[in-house]
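What follows is a set of notes on a single structure, which appears directly below.
So that the names make sense, note that chain A is the first sequence line, chain B the second, and so on, each numbered from 1. Computed from a predicted structure; not experimentally measured.
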2 protein chains.
Amino acid sequence: MPETLTGRDDEARAEQVYQLVLEGIVAGRYEQGARLRERELSELYNVSRIPVREAIQRLEQDGFVETFPRRGAVVRQLTLTDVNELFDVRLCLETFAARMAAVRVAAGEPGLRLKELLDDTRQAIDDDRTDDVVRLSAAFHAEIVRLSGNRLLIESVKPLFGRMRWIFGLAHNRSNELQRDEHMELCNAILGGKAELAYTLAYSHIELGREPVLKGLAETLEP
Amino acid sequence: MPETLTGRDDEARAEQVYQLVLEGIVAGRYEQGARLRERELSELYNVSRIPVREAIQRLEQDGFVETFPRRGAVVRQLTLTDVNELFDVRLCLETFAARMAAVRVAAGEPGLRLKELLDDTRQAIDDDRTDDVVRLSAAFHAEIVRLSGNRLLIESVKPLFGRMRWIFGLAHNRSNELQRDEHMELCNAILGGKAELAYTLAYSHIELGREPVLKGLAETLEP
DNA sequence: TCCGGACTTTTTGTATACCAAAAATAGACT
DNA sequence: AGTCTATTTTTGGTATACAAAAAGTCCGGA
């Protein structure tokens, strides 16, 4: 029973509720269309209904729950269609981001953070810290988008990353080693300012991730 | 003084507040970083602060206002950078949508609505109903995205269309006749199932829109 | 005169209590 | 058992209150 929010660090209760519920969703603690009742959550987390409503609104906007008028919010369940749609949109936006990132780096934008993330991933793999590997991999993709310099693109991609976290949490994935190799190549292309190469590498890297995830989710969905 | 919302059709006060404020923003009734005070809006529209907050949250998510902790929301102002970013992201998503739409039509999805919109636009141009022309043009682009069948793509594009409405409201545009010709070509490609052609036509159509809008906005911004 | 700090007012973020109406649920009746 | 009705939940909304952070104001001193 987390009385976590009671008197403690105030400021942004809504944000905290959002994070807590999201955590529950990606960890699979809610199942198939479970209802999120406002009063239930507000009592659980010792906050009023206002922050809860705000959190639920954001969860809906990020595609984790669905709300129906006068019936409230229910946790969505991921389908194979969702995964395919996600990968298609990622192919659109992230390949563009990779190309732009290369252009911007060629124009002087510092891209060292990308290499750092790669080094950290190396460490995390060697230490077998699986959660960190996943987190760092996501951070790598996010950093490329950030490097693109297009704020609207960054905004547009944000909800996708939320969904990715969810999907990768449910359906795992393929060899970390292989993925890191691809990240390395992509990193080199971007830091070398090779825009078209970055585009191509990003494309194949994302596309390579699709099948394994689909297969993993299919298994999770129907055991 | 619109007591519009008072006893009337309840249901979705937040939505109405959202629409009303958005209307004000795209119509340019608010200027350069004007503050949106919760109580002010709630008194203006005769609602409590909750629907107002909800509306403001959505306005932020759609990029019309910016909020700062403990300082509330201010109306954003469009910059040339915003326009360029918007067109770049549109090039990503809408060209993909056009390609997918062609594929889906070839696979049997009915695309007649696209032709209807084109006919309506013809009428609107002939009748000199400028507002309708703009609205129908937007609807044409939206319909292509809808035809793509990718719900996540539809969600991702929604905020862009909001911004487009804003931008086209401020900075007008180029010959309706020319645009309609391009729409016609694109429509034919999609209905003919010619995916790559649809992609190319969508690309050049969107890109052709960029310069005029930039020029128009530059004039609006510094008179 | 102009500057900086103390005081006052606004405004947000949240809480509490309450209500109408729609859904969900239970119950009664055929 | 199946349908119609009554009861409880639950949402969406209102009103009001309050602490704390900003913003705005005022005032005294260099």
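By the neighbour-count criterion of 12 heavy atoms within 6.0 Å, atom CG of Asp131(B) is sparsely surrounded, having that number or fewer from other residues, nucleotides or ligands.
Distance, Glu15(A) CD to dT14(C) P: 11 Å, rounded to whole Å. When the P atom of dT16(C) is taken as reference, atom CG of Asn46(A) falls 9 Å away, rounded to whole Å. Atom pair Phe68(A):CZ and dA24(C):P shows a separation of 11 Å (rounding to whole Å applied). Taking atom CD on Glu38(A) and atom P on dT14(C), their separation rounds to 15 Å, with Å as the unit. Tyr45(B) places its OH atom 15 Å from the P atom of dT14(D), with the value rounded to the nearest Å. Look at OH on Tyr18(A): it is 20 Å from C1' on dG13(C), rounded to the nearest Å.
Closest of all the heavy-atom pairs between Leu36(B) and Ile56(B) is O-CD1, 4.2 Å. Annotation for Ile154(B) and Arg146(B): closest pair CD1-CA, 4.0 Å, computed over non-hydrogen atoms. Taking each heavy atom of His183(A) and Leu118(A) in turn, the nearest pair found is CB-CD1, 3.7 Å. Here the closest heavy-atom approach between residue Arg35(A) and residue Arg71(A) is recorded as NH2-O, 3.2 Å.
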Pairwise N/O distances under 3.5 Å, protein to nucleotides 22-24 of chain D:
residue	atom	partner	partner atom	Å
dA23(D)	OP1	Arg71(B)	NE	3.3
dA23(D)	OP1	Arg71(B)	NH1	2.6

What does the list of N/O pairs under 3.5 Å between the protein and nucleotides 6-9 of chain D look like, with a distance for each?
none

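Note on ring orientation: taking the six-membered ring where Trp is involved, the planes of Phe87(A) and Phe168(A) are perpendicular (angle over 60°, cut-offs 30° and 60°).
Side chain to side chain, Thr81(B) and Asn84(B) fail the donor-acceptor criterion of an N or O pair below 3.5 Å. No side-chain N or O of Gln57(A) forms a donor-acceptor pair with one of Gln61(A) less than 3.5 Å apart.
Which of dT12(C), dT14(D), dA15(C) sits closest to the side chain of Val47(B) comes down to dT14(D).
In this structure a side-chain-to-backbone donor-acceptor pair under 3.5 Å is missing from Asp62(A) to Phe64(A).
Contacts between residues 48-64 of chain B and DNA chain D, defined by a heavy-atom separation under 4.0 Å, are made by Ser48(B), Arg49(B), Ile50(B), Pro51(B).
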ask   = Where do Arg165(B) and Glu23(B) land on the salt bridge (Lys or Arg N to Asp or Glu O under 4.0 Å) test, with the steps shown first?
value = CA-CA 10 Å; Arg165(B) 191 171 149 207; Glu23(B) 215 60 50; 3.1 Å; yes
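Within the cation-pi definition used here (under 6.0 Å to the ring centroid, within 45° of the axis), Arg99(A) does not qualify as a partner of Phe96(A).
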